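Data first, discussion second: the structure below is written as structure tokens.
Below, read A as the first sequence line, B as the second, and so on, with proteins coming before strands; counting in each chain starts at 1. All values below were derived from every heavy atom in this structure, side-chain atoms included, with hydrogens, water molecules and symmetry-related copies excluded. Just so it is clear, the model here is predicted, and its values are computed rather than measured.
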Amino acid sequence: MSDIASLILAAALVNNVVFVQLLGVSAVANFSERLQPAIDIAIFTAVVLILSSTINQLLFWFILSPLGLEMLKLIVFIGISSILATVLARIVRENFKLTARQQPIGFYLAGINSAVVGVSLLNSSITPSLTNFLNTVAVSAGSALGFAFVLVGLGAIKIRLSTSDAPDAFRHNPVMLISAGIAAMSFLGFAGLF
Amino acid sequence: METPFVSTIFTVILFIGIALVFCLYALAVAYNSLKQRRVQDQIFVDKINQLLPQTQCGQCGYEGCEPYAQAISQGEAVNQCPPGGMATLVKLTTLLNDQVKPLNPAHGQFEVFKVAVIREDECIGCVKCIKACPVDAILGGPKLMHTVIEAECTGCDLCVDPCPVDCIDMVPVTAAESPAWALPSALPDDLNNFPNNVERQA
Amino acid sequence: MSFLAGLFWDKSSTKAHKTPGGIKPADFKDHSLRSQIMTPPVPKELWLSLRQKDGNNLETLVAVGDKVLKHQLIAAATTPFGVPIHAPTSGQIKEIAAKLVVNAFEERQLHIVIAADGLDNSQQLHPLEMYQSISKIQLIAKLHDLGVGELGGADFPKVIKPDIANQSQTELLIINACECEPFISADEALIREKAEQVVIGVEILQRASGANNSVIAIETRMLDSIQALKAAVENRNIKLVLVQTKYPAGDKNQIIQAVTGKEVPSGDLQKDNSILVHNVGTAYAAYNAVIKGQAYISRITTLAGKPLKTAKNFEVLLGTPVPFLLELCGNDTLKQESTIVGGSLMGITLFEENVPITRKTNCIIAACSDWFPEPPAELACIRCGDCADVCPAKLLPQQLYAFSRSQDLENLEDQNLIDCIECGACSYVCPSNIPLVQYFRASKATQQDHLKQSELSGHWKERYQFHQSRLIKDKEESKTRKARVTKSRAANSESTDFSRSTAKTDIAAAVNRVKKRKIEAALKKAKEAKTEPGEGPI
Amino acid sequence: MKPSTISSPRQTNSKSVSNLMKTVLICLCPGIVSSCWFFGIGILLNILIATIAALVFEAVCLACRGKDPKVQMTDLSAVVTAVLFALTVPVGTPWTFIVAGIAFAILISKHAYGGLGQNLFNPAMTGYLFLLLSFPLAMTTWHIPLNDLTSGMPISPLSMEGVRQSLLASFPFMAFDSNMSKELIDGMTVATPLTLTEMASPNAFAAALSSDASIWSRDARTGWEIVNMAYLLGGLTLLGLKVIRWHIPLAIIGTVTLLSLAFYSPGSATITGTPYMHLFGSATILGAFFIATDPVSAATTTSGRLIYGVIIGISLYSIRVWGSYPDAVAIAVIFGNFWAPMLDHFFKPRSYGHKSKLSQLIQGLKS
């Protein structure tokens with residue numbers, strides 16, 4: 001049980017998807033001004049990430065590798081995660097009208113988010129450690145947690161910085177990117193923890 | 001791990017306990033917020049409609065605020081409402097997290113709230129303005145003198161053109177504004193930081 | 001379920017409950033408390049404002065040039081928010097004109113100006129020793145007619161709100177004797193010298209409001225006042241509660257929590273009238289009104305400040321101009337930078353010094369530069385959290401400051417800016433000298449505008465929806481009416497199976513009949529013409 | 001005599017930003033003096049260089065922002081940042097590193113956000129982290145003038161020889177001839193005292209106390225405990241003067257002690273360090289009382305502060321014991337600062353007269 005927990009923490013904190021592996025930076029970089037949309041998209045992407053990477057991993061083990069079609073994994077993974085994202089986005093559009101209206105295309109783009117696809121690619125390429133299914137779920141859950149944590153963190157920083165009078169050259173995105181950079185420095189400090 | 005020291009077991013239990021309580025709390029909060037954010041069609045339109053100024057003037061191209069709210073929920077732009085002015089624009093942009101766009105000049109400018117006043121002696125009692133008023137603010141019967149109930153009039157000036165003798169004119173409302181404290185130092189004007197400086201930015 | 005329900009109420013203990021936040025500023029009160037309360041000479045002119053709390057003016061009962069006696073009613077209330085005013089001294093009405101008012105801005109209100117004739121002869125008073133004899137309603141009416149209004153911060157005109165007197169039972173009357181703001185020592189001097197009258201006044205208020213028990217809450221710092229009160233309260237069932245000395249102990253919520261130990265829910269207790277809070281000055285005014293029959297024409301005001309030779313407490317006639325009082329205390333105008341009405345933490349720095357005393361002026365400070373220096377430059381907020389510790393409403397002033405600087409109304413509402421009582425404790429402790437109260441006042445003003453506008457819009461929305469439903473109803477009515485008419489017409493036309501062809505023949509027959517009748521008439525006329533010319537035998 | 005409209009509270013207490021910063025500096029003095037005693041004047045050199053650089057950069061930035069230096073410069077916030085930065089940077093790092101670190105701290109981490117009060121991360125720690133990640137070795141070796149080359153005996157850091165060696169370490173260009181610079185290399189490069197493994201053994205303190213050498217003639221190895229005691233003294237006075245609140249220091253020290261108690265087993269193979277070592281062997285005290293409680297970058301609500309302290313404590317302990325970096329105060333504090341805005345937003349205290357979040361939650365669930 002403890003190695004599952006350490007796998008999750010490792011994926012969430014030590015090699016965090018956004019700050020250390022620099023995947024999904026594009027999704028994080030469009031800092032939305034209000035925290036609520038940031039939380040929504042963070043949770044949505046986390047769910048999509050967990051589901052798609054587990055399904056991709058199963059596909060990889062039981063269909064692609066027996067048939068020797070490993071080289072097709074990129075197309076398959078992107079296909080599966082974007083279908084999944086569109087299905088979930090459809091559900092969100094039905095029940096959560098306001099959330100859907102706040103970011104009309106944000107939910108659909110979550111499917112082709114480089115973090116989502118990146119995690120499934122990484123899982124399938126590391127052969128020895130992720131043989132059993134539970135580890136895959138743990139790693140993808142960890143990276144989903146890490147991604148959501150960074151997105152919500154930067155959203156809260158955006159709210160905090162919206163009331164600071166930074167010089168004009170650093171007004172919005174420069175200050176946010178500096179903050180992300182410094183935070184990434186601290187995540188690097190966790191290297192070698194697990 | 002060698003034979004666990006008693007304090008190690010204690011801390012592990014402590015941490016698992018804290019983690020469990022935290023997860024339960026987080027789940028409850030998530031479920032509660034999901035329930036609140038589950039917004040169906042009609043509630044969504046009402047939520048938007050609440051922010052519009054309700055002058056029912058039709059300057060946005062729709063014949064009332066409710067239809068305009070309906071259109072916004074379908075994706076219509078948010079900056080079509082001159083009477084709402086900056087206040088409505090800021091509120092709608094905050095609610096719908098839209099891109100910040102300045103007020104659409106095509107729909108006319110808006111300076112101050114006006115109230116319709118009928119010059120009673122010229123009124124011939126043709127009832128046309130009563131039919132045109134969206135909020136029933138005009139009092140009077142056929143062939144009888146009409147007058148506008150000032151408290152109810154929204155200043156939408158829909159009654160001005162149907163009047164054959166043109167005896168309605170719009171008088172600006174002069175609110176007795178009492179002197180108020182100014183902000184000692186708001187964020188300098190050159191700032192266009194979101195989400196709250198939509199006003200300055202638009 | 002009233003706020004006080006199920007409250008365990010032990011009469012004996014005088015211990016108060018803890019209340020949140022608060023600061024302990026230097027109180028500068030000992031100067032003005034050295035001497036007894038003095039009554040100043042009558043000034044030449046008295047200016048009495050006619051403005052009521054809800055904006056419109058009182059109805060003046062006197063004209064320019066009339067002679068008035070002391071205690072004579074000169075203006076009556078037009079709305080429940082008005083308090084009648086009486087002539088503070090005998091004299092002549094000089095003019096009714098707009099005059100400047102106690103405010104940091106240039107604000108003018110309509111004033112009655114009385115030129116005092118110095119005789120000070122009063123009209124016939126009718127004191128009422130045995131106030132128990134008359135009924136509660138009459139007692140309340142007597143208090144209101146003589147202009148006794150709530151004198152504390154809220155300045156609500158009615159002593160006992162008329163509706164609550166007969167409605168649900170007021171269980172607790174609290175007399176607020178905590179004068180927590182620096183410089184102000186009016187109430188303390190009042191209790192110290194007139195404890196007996198105050199206690200009788202409290203009993204009058206208790207009888208008028210029908211409260212089961214009444215409490216006087218006083219700060220532990222006011223030692224000699226406590227002595228005087230203990231002596232006066234000896235055999236009466238009025239309870240004394242010693243509240244911890246801090247600013248803002250005198251705030252309504254703080255007092256209620258100090259006495260009952262329960263937290264006052266946000267918004268206010270208007271609807272739930274089980275608790276009534278009144279100022280000590282109101283009790284004294286009630287005593288004067290009922291026992292002595294005097295109208296409310298004077299109040300106790302502290303004069304303090306370094307430029308003054310001696311700081312004093314005066315029993316001042318309402319409407320006395322401020323400079324007149326300052327000169328009485330020997331004001332050195334060279335050293336005086338500005339004048340503050342009220343204490344040093346909630347007082348208003350006057351725009352213009354020549355303004356009259358009103359019912360709420362409890363202190364006038366001649367501010368010199370070394371006690372009240374020019375506020376230093378405002379630095380950026382370092383989010384140290386000192387202000388959050390002292391805030392009596394347990395808000396987060398540093399977050400409110402950040403959101404009010406960027407006018408983010410959504411977050412301001414989320415942080416409960418409405419609950420801010422503008423007590424100034426946060427600005428007092430702020431190491432960066434930020435005038436936080438001014439930020440919150442400005443944001444509150446914009447918040448009120450948006451609130452007023454959204455109420456108006458809500459009203460318009462209802463009218464619009466009513467208009468739409470009316471149109472739909474009209475359409476249906478006209479449809480049903482049309483259907484009814486056609487049905488009825490169809491009903492009576494069944495018997496004559498009306499059809500297009502039969503109609504034509506009927507018309508033709510009718511035309512022929514008419515033509516035939518016309519021919520017969522012509523023949524008859526021709527026959528008469530023949531018999532007429534012959535005049536033959538009949 | 002028409003005063004401009006001045007807002008209502010006309011009375012203020014004597015606390016001001018420059019007073020706060022002065023008290024912080026004064027409370028740091030005992031620690032500085034004792035570390036000078038043990039590690040030579042290198043610390044003073046560091047502080048000197050850092051303060052000068054900080055003031056220069058601050059003046060430049062203020063001039064660019066058009067703010068009048070008289071008000072902004074006198075609030076000593078740049079000096080405090082410089083001193084904290086200089087205390088964490090090892091003795092004897094070349095002056096160019098220090099200037100680079102301070103430049104990053106003042107320019108990027110403070111003035112890019114808008115000056116005092118607006119920055120998100122603790123400037124001193126960002127500067128140190130910047131150096132730690134770019135020069136890991138230089139940042140973890142302390143040049144302590146330990147051995148007199150002739151007799152090999154440990155020399156007292158304040159003797160002439162000690163001063164000369166410290167100067168050499170800080171200003172390498174002063175090495176006029178080659179063998180002087182060679183000499184420098186032999187200076188005892190002790191892994192930063194923060195992680196001396198000998199101290200991990202249970203009887204480290206006992207050995208230190210029992211040794212005959214008087215408390216003051218100790219060499220650098222065990223001198224660090226005295227320095228930490230001095231910092232603790234300074235920290236408690238800060239607490240007493242109400243400059244900082246007890247929430248953050250207590251949370252950090254409590255978590256570190258709790259964790260070290262939990263994972264420490266005497267005589268075990270893996271040395272995880274006694275609680276004593278974690279408290280007094282490393283920069284925990286300095287971090288808890290002086291660095292993490294910087295009000296600008298920490299959380300502002302009381303519950304937020306407690307959680308902020310716990311997060312820093314956990315990450316501090318885990319990096320130091322299992323991580324690859326020697327001492328993690330900088331990393332833990334910056335990680336905590338990343339959490340601060342979220343803590344402020346999600347852990348708002350209940351304001352007076354309102355229902356608490358929990359009862360609102362239960363009500364929401366019921367409906």
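Scanning both residues, A:Ala166 and D:Ala112, for their nearest heavy atoms gives CB-O, 3.5 Å. Annotation for D:Met342 and A:Phe149: closest pair CE-CE1, 3.3 Å, computed over non-hydrogen atoms.
Side-chain contact between A:Phe170 and D:Ile108 is absent, with no heavy-atom pair separated by less than 4.5 Å.
Surrounding CG of A:Leu67 are more than 12 heavy atoms belonging to other residues, nucleotides or ligands, all under 6.0 Å away.
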Between chain D and chain A: donor-acceptor pairs at under 3.5 Å:
residue: D:Arg65; atom: NH1; partner: A:Asp165; partner atom: O; Å: 3.4
residue: D:Arg65; atom: NH2; partner: A:Asp165; partner atom: O; Å: 3.2
residue: D:Tyr113; atom: OH; partner: A:Ser179; partner atom: N; Å: 3.4
residue: D:Tyr113; atom: OH; partner: A:Ser179; partner atom: OG; Å: 2.9
residue: D:Gln118; atom: NE2; partner: A:Asp165; partner atom: OD1; Å: 3.1
residue: D:Val296; atom: O; partner: A:Arg160; partner atom: NH2; Å: 3.2
residue: D:Ser324; atom: OG; partner: A:Ala191; partner atom: O; Å: 3.4

- Message: Using the rule given for side-chain contact (heavy atoms from CB on, under 4.5 Å), can you reason through A:Val152 versus D:Phe346, listing the C-alpha separation, both sets of side-chain angles and the distance that settles it, and then say yes or no?
- Response: CA-CA 11 Å; A:Val152 173; D:Phe346 290 115; 4.0 Å; yes

- What's the verdict on side-chain contact (heavy atoms from CB on, under 4.5 Å) for D:Phe338 and A:Ile182, showing C-alpha distance, side-chain angles and the deciding distance? CA-CA 9 Å; D:Phe338 178 71; A:Ile182 296 177; over 6 Å; no

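Proximity to chain D is absent for every atom of A:Leu9, based on heavy atoms less than 4.5 angstrom apart. The contact between D:Phe130 and chain A is made by backbone and side chain atoms together, counting heavy-atom distances below 4.5 Å.
Rounding to the nearest 0.5 angstrom, the gap separating the CG atom in D:Leu133 from the CE atom in A:Met185 is 5.5 Å.
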Which donor-acceptor pairs under 3.5 Å do side chains of residues 187-194 of chain A form with protein atoms, sequence neighbours excluded?
none

